[in-house]
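Shown next, in structure tokens, is the structure this report addresses.
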Number of protein chains: 2
Amino acid sequence: MGIDRLDARLIELLAEEPRIGVLEASRRLGVARGTAQARLDRLLAQGVIRGFGPEVDPAAIGYPVTAFATLEIKQGQGPDVRSHLAGVPEVLELHTTTGHGDMLCRLVARSNADLQRVIDRVVGFEGIVRASTTIVMENPVPLRMIPLVKQAAED
Amino acid sequence: MGIDRLDARLIELLAEEPRIGVLEASRRLGVARGTAQARLDRLLAQGVIRGFGPEVDPAAIGYPVTAFATLEIKQGQGPDVRSHLAGVPEVLELHTTTGHGDMLCRLVARSNADLQRVIDRVVGFEGIVRASTTIVMENPVPLRMIPLVKQAAED
DNA sequence: GATTTGCTGGGCAACCTGCCTAGCCATTCC
DNA sequence: GGAATGGCTAGGCAGGTTGCCCAGCAAATC
């Protein structure tokens with residue numbers, strides 16, 4: 001039910017050069033095509049690989065500013081706040097966290113000035129008590145899974 | 001240099017069904033294959049689409065716990081802390097933020113108990129003054145770009 | 001010892017990709 | 001006005017890939 005070294009190498013390979021396809025991957029891994037095919041099918045079936053969606057860079061479409069906002073929610077307003085935030089395109093993701101009924105969300109904006117508009121829209125909602133925002137300056141480690149995948153394969 | 005409606009629909013289509021390929025996409029969009037091809041090439045060249053890497057679900061490979069840690073860094077230790085964190089597989093991403101020389105990082109762990117080990121490893125480094133961690137309970141809005149892409153197309 | 005599971009190596013038709021051509025149309029430039 | 005440019009359509013072609021199938025084999029399991 002876990003993941004082995006072959007799986008990890010497959011994922012790694014696909015992460016580096018997503019366009020190669022199963023056949024080429026099997027060649028590089030030194031296994032039969034059927035094997036690579038079967039592994040990939042299994043990884044998809046198990047949900048290890050969710051899909052191969054295009055990774056869009058918000059900066060490249062005019063949203064170079066990223067920020068994280070911590071929201072304090074009024075008791076029992078969780079569901080409403082969620083659907084409100086889900087309706088804001090600039091909210092890229094939303095997590096509910098431990099603590100004071102808090103949420104953490106990732107925002108993007110067209111500029112620092114525009115961020116104000118986004119934040120106003122985010123917090124302009126009955127049920128959000130308080131919000132604190134931190135702006136991202138750099139992203140030294142962009143979202144990555146490969147090191148984790150490698151580690152997971154050692155079991 | 002921006003993005004138009006056709007681009008947005010293309011991205012949307014590829015996000016929903018990444019395996020369809022250019023030909024099928026062009027059919028569904030009602031344009032010639034060459035057009036879809038050219039659009040996709042341009043999106044890739046411009047960096048709007050970074051790639052089509054596999055989206056791996058950490059939970060499915062044994063890391064169901066997600067947390068965010070805010071780190072306070074000692075003056076001038078930024079670069080060292082970065083490379084330290086880059087070496088920890090459980091650190092999925094790292095941002096430097098405004099404020100007190102802070103960083104924000106996303107962590108995963110095998111369990112709540114295991115999270116302690118991860119945090120110890122993260123903060124067990126000369127240069128990190130303080131760390132505060134919040135555990136993610138739910139993820140009502142998983143990372144998404146489509147709404148933003150649609151909005152960006154309206155310009 | 002018998003069965004199951006996973007891998008290999010190969011084959012086949014259908015399909016897609018990368019690349020190219022030619023014509024068309026609208027916008028832009030001289 | 002007239003020409004050039006850029007983006008789209010429509011089609012063709014060779015080569016590679018996919019999806020699917022089979023038989024043989026080895027190791028692990030019962």
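Everything numeric in this text was worked out from a predicted model, so none of it was measured. All chains are named by letter (A, B, ...) in the order of the sequence lines, taking the proteins before the strands, and each is independently numbered beginning at 1.
For the pair A/D41 CG and C/dC7 P, the computed distance is 12 Å after rounding to whole Å. The separation between B/L23 atom CG and C/dA14 atom P is 17 Å, rounded to whole Å. The distance between atom CZ of B/R19 and atom P of C/dT17, rounded to the nearest whole Å, is 11 Å. Taking atom CD1 on B/I20 and atom P on C/dT17, their separation rounds to 10 Å, with Å as the unit. Rounded to whole Å, the distance from CG on B/L44 to P on C/dG18 is 10 Å.
To the nearest 0.5 Å, atoms OG1 (B/T96) and CG (B/D102) are separated by 10.0 Å. Put simply, CD1 on A/I11 and NZ on A/K150 are 12.0 Å apart, with the number rounded to the nearest 0.5 Å. Taking CZ from A/R27 and CG from A/L29, the interatomic distance works out to 11.5 Å, rounded to the nearest 0.5 Å.
The nearest heavy atom of DNA chain D to A/R33 and to B/T35 marks one nucleotide each, and the one closer to the 5' end goes with B/T35.
For A/V31, taking side-chain heavy atoms from C-beta onward, the closest of the listed nucleotides C/dC12, C/dC19, C/dT8 is C/dT8. In the set C/dC7, C/dC16, C/dC12, C/dC16 carries the atom at the smallest distance from any side-chain atom of B/R27.
For the 3.5 Å distance criterion, the side chains of B/D120 and B/Q116 qualify, holding a donor opposite an acceptor.
A salt bridge links B/E138 to A/R82: at least one charged side-chain nitrogen sits closer than 4.0 Å to a carboxylate oxygen. Between B/D4 and B/R39, at least one side-chain N (NZ, or NE/NH1/NH2) sits under 4.0 Å from a carboxylate O, which counts as a salt bridge. In this structure, A/E24 does not pair ionically with A/R33, as no charged nitrogen and carboxylate oxygen lie closer than 4.0 Å. The residues A/R106 and B/E93 are annotated as salt-bridged, a charged nitrogen and a carboxylate oxygen being separated by less than 4.0 angstrom. A/E17 and A/R28 are joined by a salt bridge, as a carboxylate oxygen and a charged side-chain nitrogen come within less than 4.0 angstrom of each other.
Close to C/dC7, at under 4.0 Å from its OP1 or OP2, lies a side-chain N or O of A/R39.
Where DNA chain D meets chain B (any atom under 4.0 Å from a heavy atom), the bounding nucleotides read 5' to 3' are D/dC8 to D/dG12.
Each end of the helix from C/dG1-D/dC30 to C/dC30-D/dG1 gets its own rotation axis from five pairs of C1' atoms, and the angle between them is 40° to the nearest 10 degrees.
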